[in-house]
Amino acid sequence: MPFDRPRDTLEGVSVDDLVIVANRLPVEAVENSHGVVSWRRSPGGLVSALEPALTGKNATWIGWTGHYPKAGELPLPPIPERDDDRDYRIFEVPLERDDVEQFYDGFSNSALWPLYHDAIVTPQYHRHQFDAYRRVNMIFAQAAARAAAPGSTVWVQDYQLQLVPAMLRSLRPDVRIGFFLHIPFPAPDLFLQLPWRRPVVLGLLGADLIGFHTPGGAANFQAVTERLLGWPSHDNVVEVPAAHGGRRAARIGAFPISVDVGEIDRLARDESVIKRSIELRGELGNPKTMLLGVDRLDYTKGIDVRLRAYTELLHERRLDPGDTVLVQVATPSRENVDEYQRIRDDVELIVGRANGDLGSLGAPAIHYLRQPLPISELVSLYLAADIMLVTPLRDGMNLVCKEYVAARVDGGGALVLSEFAGAARELPQAWLVNPYDADGVKEAVVAAATAPVDEKQRRMRAMRAHVADHDVQRWAREFLDTLAEGSNNSVVRSETSSS
Ligand code: GDG
């Protein structure tokens with residue numbers, strides 16, 4: 001396998017008992033007012049999920065910073081191996097411009113992302129991009145192989161790194177390998193379009209435990225392995241031929257991810273956050289009904305679906321333009337990929353038309369923010385919103401709806417949620433919608449806006465109880481415990497197994 005990167009990234013460093021391998025590191029570069037760049041912990045859910053598992057262990061997180069060297073720019077300062085905020089090590093996998101274009105924007109986000117989201121937009125398959133994917137996956141696998149202590153656990157994250165489990169197993173057969181897919185695993189007929197379906201499935205089967213958000217994703221993967229490889233599989237176990245004879249068990253399971261409920265609860269009870277939520281409603285003109293959307297600006301999220309439904313309801317006067325507002329936060333994402341520029345244009349056209357037709361001076365129909373906000377501001381928005389609109393065409397889980405539920409410590413609010421988000425299985429008390437059915441979405445918005453207070457509270461209470469009991473720390477614990485349990489019986493001997 002080609003390896004054309006400096007090999008010294010991890011040299012001279014002691015090996016660790018738990019290694020997380022993710023495309024992105026849990027730190028981000030921030031620039032102060034004097035232009036000095038430093039690194040701080042990034043606020044993402046994965047960091048909160050994994051930190052309890054990492055703390056107190058010899059642990060390492062391997063990933064990319066999100067930046068590559070650009071001509072004429074000063075290099076970013078090195079990331080401190082440790083700092084006061086964390087007691088695990090960080091190792092950077094440096095990516096260059098070509099890697100980012102071919103591996104990340106290319107194969108990961110222009111082939112796998114759309115294919116795994118039901119081919120909402122047409123996946124682009126290019127051989128040179130898959131070659132880059134393979135090459136970069138090997139860089140991550142080699143870094144993990146060097147960082148892991150004998151017999152330790154390596155947990156690989158997400159669709160960008162599906163080849164890593166098998167690559168790592170061939171380099172380090174002694175380590176226990178887990179893999180978690182954060183996006184949906186599609187129906188077999190769709191997945192089997194992928195020209196490189198075999199290396200991808202074999203890559204994943206290098207893991208001892210392969211986790212999905214939903215039982216549906218797990219079943220799709222198991223069906224694909226049966227159709228493609230014909231290997232025996234039963235009770236969520238695929239029997240994989242082992243390197244030295246016999247068979248090895250690759251287990252498959254559903255582990256629905258969640259949010260850091262404790263942290264969101266703390267923010268939602270913070271006086272300044274509550275004060276800000278009241279201020280926000282004031283700034284919006286104290287409307288009778290405030291609707292909210294919060295998403296990465298991504299074509300899977302159905303931002304256009306909800307904006308169209310809302311606009312039609314205003315036109316039809318089923319919602320009153322005089323006392324209803326919608327706030328849409330759309331965080332910029334993957335801006336180098338054409339389809340992301342297209343969805344931005346679509347969304348902005350709808351916003352512009354709605355505000356031109358239905359707004360008035362100082363009172364737009366849609367308040368649109370294409371910028372990232374601090375998490376405290378998001379929680380203030382969650383507290384302020386009467387109706388949260390989460391309408392993806394397909395979503396592995398969707399954390400925003402769980403954050404909204406966790407933030408509603410007042411027991412108020414209403415959630416309109418797509419059936420095609422993984423979270424719909426766990427939050428059936430939401431107003432569930434088929435995002436392809438425009439009239440159905442409109443009905444659900446009106447129903448949520450006009451439901452009696454006690455019905456809304458009853459629904460919210462049930463959703464809050466579920467989310468409180470299933471936080472992200474539980475998700476990480478259950479995955480790692482299942483991975484550890486499997487280690488005692490991970491070899492399926494040919495004489496004892498059915499074939
Ligand atoms: C993938 C899967 C799965 C958004 N804007 C801001 C901001 N956010 C935060 C939200 C939430 C997160 O980003 C988005 O999470 P989602 O789950 O909604 O969506 P993806 O980014 O597509 O995540 C998804 C997830 O992985 C985990 O497995 O649920 O299905 O697609 O936490 O709050 N955060 C801040 N400012 C923003 O402006 N601070």
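Order of listing sets the numbers, starting from 1, for every ligand and every atom in it.
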> Which one holds for Trp113 and ligand 1: side chain close, backbone close, both close, or neither close, with close meaning a heavy atom under 4.0 Å?
Replying inline: side chain
> Which ligand 1 atoms, with their elements, are less than 4.0 angstrom from a heavy-atom of Ile257?
Replying inline: 27 (C), 28 (O)
>> Distance under 4.0 Å to a non-hydrogen atom of Gly396: what atoms of ligand 1 satisfy this?
In response: 30 (O)
> Does any N or O atom in Met397 lie less than 3.5 angstrom from one in ligand 1, N or O only?
Replying inline: yes
> Within less than 4.0 angstrom of ligand 1, does Lys301 place any heavy atom?
Replying inline: yes
> Side chain of Gln341, backbone of Asp338: donor and acceptor closer than 3.5 Å?
Replying inline: no
>> Please tell me whether Asp437 and Asn434 have a donor and an acceptor in their side chains that are separated by less than 3.5 angstrom.
In response: no
> Considering only heavy atoms, does His182 approach ligand 1 within less than 4.0 Å through its side chain, its backbone, both, or neither?
Replying inline: both
> Using a distance-only test with no angle check, is there a side-chain donor-acceptor pair under 3.5 angstrom linking Tyr159 and Asn109?
Replying inline: yes
>> Evaluate His117 for polar contact with ligand 1, using N/O atom pairs at a separation under 3.5 Å.
In response: no
>> List ligand 1 atoms under 4.0 Å from Glu403, heavy atoms only on the residue side.
In response: 10 (C), 11 (C), 32 (O), 33 (O)
>> Just to verify, what does Asp386 make a salt bridge (charged side-chain N to carboxylate O under 4.0 Å, His left out) with, not counting sequence neighbours?
In response: Arg281
>> Taking 4.0 Å as the limit for heavy-atom contacts, which would you say applies to Leu378 with ligand 1: side chain only, backbone only, both, or neither?
In response: side chain
>> Only heavy atoms of Thr331, strictly under 4.0 Å: list the atoms of ligand 1 that pass.
In response: 4 (C), 5 (N), 6 (C), 37 (C), 38 (O)
>> What I want to check is whether the side chains of Tyr340 and Asp298 have a donor and an acceptor closer together than 3.5 Å.
In response: yes
> Which is it for Asp346 and Arg342 under the salt bridge (Lys or Arg N to Asp or Glu O under 4.0 Å) test, yes or no, and what are the steps along the way?
Replying inline: CA-CA 6 Å; Asp346 289 350; Arg342 207 160 295 142; over 6 Å; no
> Which ligand 1 atoms does Arg296 reach within 4.0 Å, using its non-hydrogen atoms?
Replying inline: 20 (P), 21 (O), 22 (O)
> Do Tyr368 and Glu348 have side-chain atoms, one donor and one acceptor, less than 3.5 Å apart?
Replying inline: yes
> For ligand 1, which atoms sit closer than 4.0 Å to a heavy atom of His213?
Replying inline: 3 (C), 28 (O)
> Relative to atom 39 (N) of ligand 1, which among Asp260, Ile183, Leu373, Val472 owns the nearest non-hydrogen atom?
Replying inline: Leu373
>> Name the residue from His470, Glu426, His466 that meets the side chain to side chain donor-acceptor pair (under 3.5 Å) definition with Lys402.
In response: Glu426
> Heavy-atom distance under 4.5 Å between the side chains of Val390 and Tyr404, does that happen here?
Replying inline: no
> Is a side-chain donor-acceptor pair under 3.5 Å present for Thr300 with Arg394?
Replying inline: no
> Which of the numbered atoms in ligand 1 are below 4.0 angstrom from a heavy atom of Ile375?
Replying inline: 39 (N)
> What atoms in ligand 1 come closer than 4.0 Å to a heavy atom of Val400?
Replying inline: 10 (C), 18 (O)
